[in-house]
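Counting from 1, the numbers follow the sequence of the chain as shown.
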Amino acid sequence: AVLLQEPLKIHESMRYSLLAGGKRVRPMLCIAACELVGGEESTAMPSACAVEMIHTMSLMHDDLPFMDNDDLRRGKPTNHKIFGEDVTVLAGDALLAYAFEHMAVATKGVPSERIVRVIGELAKCIGSEGLVAGQVVDICSEGNSDVGLDHLEFIHIHKTAALLEGSVVLGAILGGANDQEVEKLRKFARCIGLLFQVVDDILDVTKSSQELGKTAGKDLLADKTTYPKLIGIDKSKEFAEKLNREAQEQL
């Protein structure tokens, strides 16, 4: 979807992070949800690409010096280390805009009201009520010693789970799911999103940078509130198992 064209610099930067590997969890969930309700992979593919573009944008911006200040992502130097901060910001902006263009233009064989619905859904998931909400509360909470479980859950439901939730809901809507099916899949995705973050927190304190492909122990250094810090490793693992069970029950 993202071709190498003029201006070269910006497209190189977009492609560098977009094609750097990663787990591709969000696009796979988008396609799986579409197929689960009887839709075709090809119907969900533009939206699957779009959520990966948006996820990549969020990582590019997250790694910038004035945000999380990280040098390593997916086992490679972060985007701004190669292209400079100015280009990284703009390449992220371009990916964000192109994600919606790609969904609107490349989705075929679906009634237009469904396309409008998924565009609205995705925009809400990543804006000031979704991904951005989680990120901003996260930034404002650094070094704050009285962050409780509810506060931490708010951060993660918005910062991590919202886009995962959006990915699944997009696929379901495009595949023709009814409202009840959409809500069950939404709950499933929210559990998966939170689970993702709990496990990420556990890995941050138990694995090395080499094993993770990104800098280990950063949460401790930044004095971030995490699940292990708040409830301990064992309770965090129990919580992860509970979320996993709940997700599977929805399916």
Side-chain angles (χ1 to χ4, degrees), residues 1-27 46-106 119-143 155-156 158-164 166-167 170 193 196-197 200 204 209 212-215 218-219 221-222 224:
V2 180
L3 302 172
L4 204 48
Q5 57 197 25
E6 292 292 341
L8 280 180
K9 187 81 164 201
I10 191 97
H11 290 97
E12 281 170 356
S13 172
M14 290 161 77
R15 287 170 60 89
Y16 175 81
S17 290
L18 195 56
L19 304 175
K23 296 175 284 290
R24 307 270 192 261
V25 172
R26 290 156 193 80
S47 292
C49 291
V51 295
E52 187 68 8
M53 288 176 211
I54 288 169
H55 176 56
T56 300
M57 171 279 295
S58 74
L59 302 181
M60 288 161 72
H61 284 180
D62 219 21
D63 290 336
L64 286 161
F66 52 82
M67 293 277 278
D68 273 359
N69 192 19
D70 224 322
D71 299 342
L72 195 64
R73 172 70 70 180
R74 293 169 171 171
K76 295 168 74 171
T78 42
N79 198 287
H80 62 272
K81 287 281 163 193
I82 305 286
F83 295 96
E85 293 170 40
D86 44 7
V87 172
T88 296
V89 170
L90 293 169
D93 294 345
L95 280 170
L96 180 58
Y98 186 60
F100 288 99
E101 180 190 334
H102 190 60
M103 283 170 71
V105 172
I119 286 173
E121 179 76 40
L122 183 57
K124 190 173 180 182
C125 283
I126 61 177
S128 59
E129 292 178 48
L131 175 66
V132 171
Q135 286 183 313
V136 99
V137 174
D138 190 23
I139 286 168
C140 296
S141 305
E142 274 185 33
I155 292 171
H156 293 324
H158 292 78
K159 189 177 173 182
T160 307
L163 185 54
L164 271 159
S167 305
L170 261 52
F196 209 81
Q197 191 58 54
D200 201 52
D204 189 70
S209 298
L212 294 175
K214 59 181 178 182
T215 315
K218 269 192 68 75
D219 295 340
L221 283 175
K224 273 196 177 177

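Residues K159 and D62 form a side-chain contact, since some pair of their non-hydrogen atoms from C-beta on lies under 4.5 Å apart.
Within the structure, side chain to side chain donor-acceptor pair (under 3.5 Å) contacts touching residues 120-132 (residues at least two apart or in different chains) are E121-R186.
For F196, there are no ring pair (Phe, Tyr, Trp, His ring centres under 6.0 Å) partners two or more places apart in sequence or in a different chain. Annotation: side-chain contact (heavy atoms from CB on, under 4.5 Å) contacts of L3 (sequence neighbours excluded): Q5. Remark: D63 pairs with R73 by the salt bridge (charged side-chain N to carboxylate O under 4.0 Å, His left out) rule, at least two apart or across chains. Residues passing the side chain to side chain donor-acceptor pair (under 3.5 Å) test with T160 are Q197, sequence neighbours excluded. With sequence neighbours left out, V137 forms a side-chain contact (heavy atoms from CB on, under 4.5 Å) with S141, H151, F154, I155. Every ring pair (Phe, Tyr, Trp, His ring centres under 6.0 Å) that H156 has, sequence neighbours left out, goes to Y227. Taking A106 as the reference, P46, H102 meet the side-chain contact (heavy atoms from CB on, under 4.5 Å) condition, with sequence neighbours excluded.
Within the 3.5 Å criterion, the main-chain N or O of V89 finds a donor-acceptor partner in the side chain of H61.
The two residues S58 and L131 come nearest to each other via the heavy atoms CB-CD2, 3.9 Å. Of all heavy-atom pairs spanning A133 and H158, the tightest one is CB-CD2, 4.0 Å. Of all non-hydrogen atoms in I119 and F100, the two that sit nearest each other are O-CE2, 3.7 Å.
Separating the CG atom in L95 from the CZ atom in R15 is a distance of 11.5 Å, to the nearest 0.5 Å.
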I'd like a table of donor-acceptor pairs (distance under 3.5 Å, sequence neighbours excluded) in which one partner is a side-chain atom from residues 77-85, with atom names and distances.
residue: T78; atom: OG1; partner: D70; partner atom: O; Å: 2.8
residue: N79; atom: OD1; partner: S13; partner atom: OG; Å: 2.8
residue: N79; atom: OD1; partner: T88; partner atom: OG1; Å: 2.8
residue: N79; atom: ND2; partner: S13; partner atom: O; Å: 2.9
residue: N79; atom: ND2; partner: S13; partner atom: OG; Å: 3.3
residue: N79; atom: ND2; partner: S17; partner atom: OG; Å: 2.9

Kindly list each side-chain donor-acceptor pair under 3.5 angstrom involving residues 49-57, sequence neighbours excluded, with atom names and distances?
residue: E52; atom: OE2; partner: R24; partner atom: NH1; Å: 3.0
residue: H55; atom: NE2; partner: R26; partner atom: NH1; Å: 3.4
residue: T56; atom: OG1; partner: E52; partner atom: O; Å: 2.8

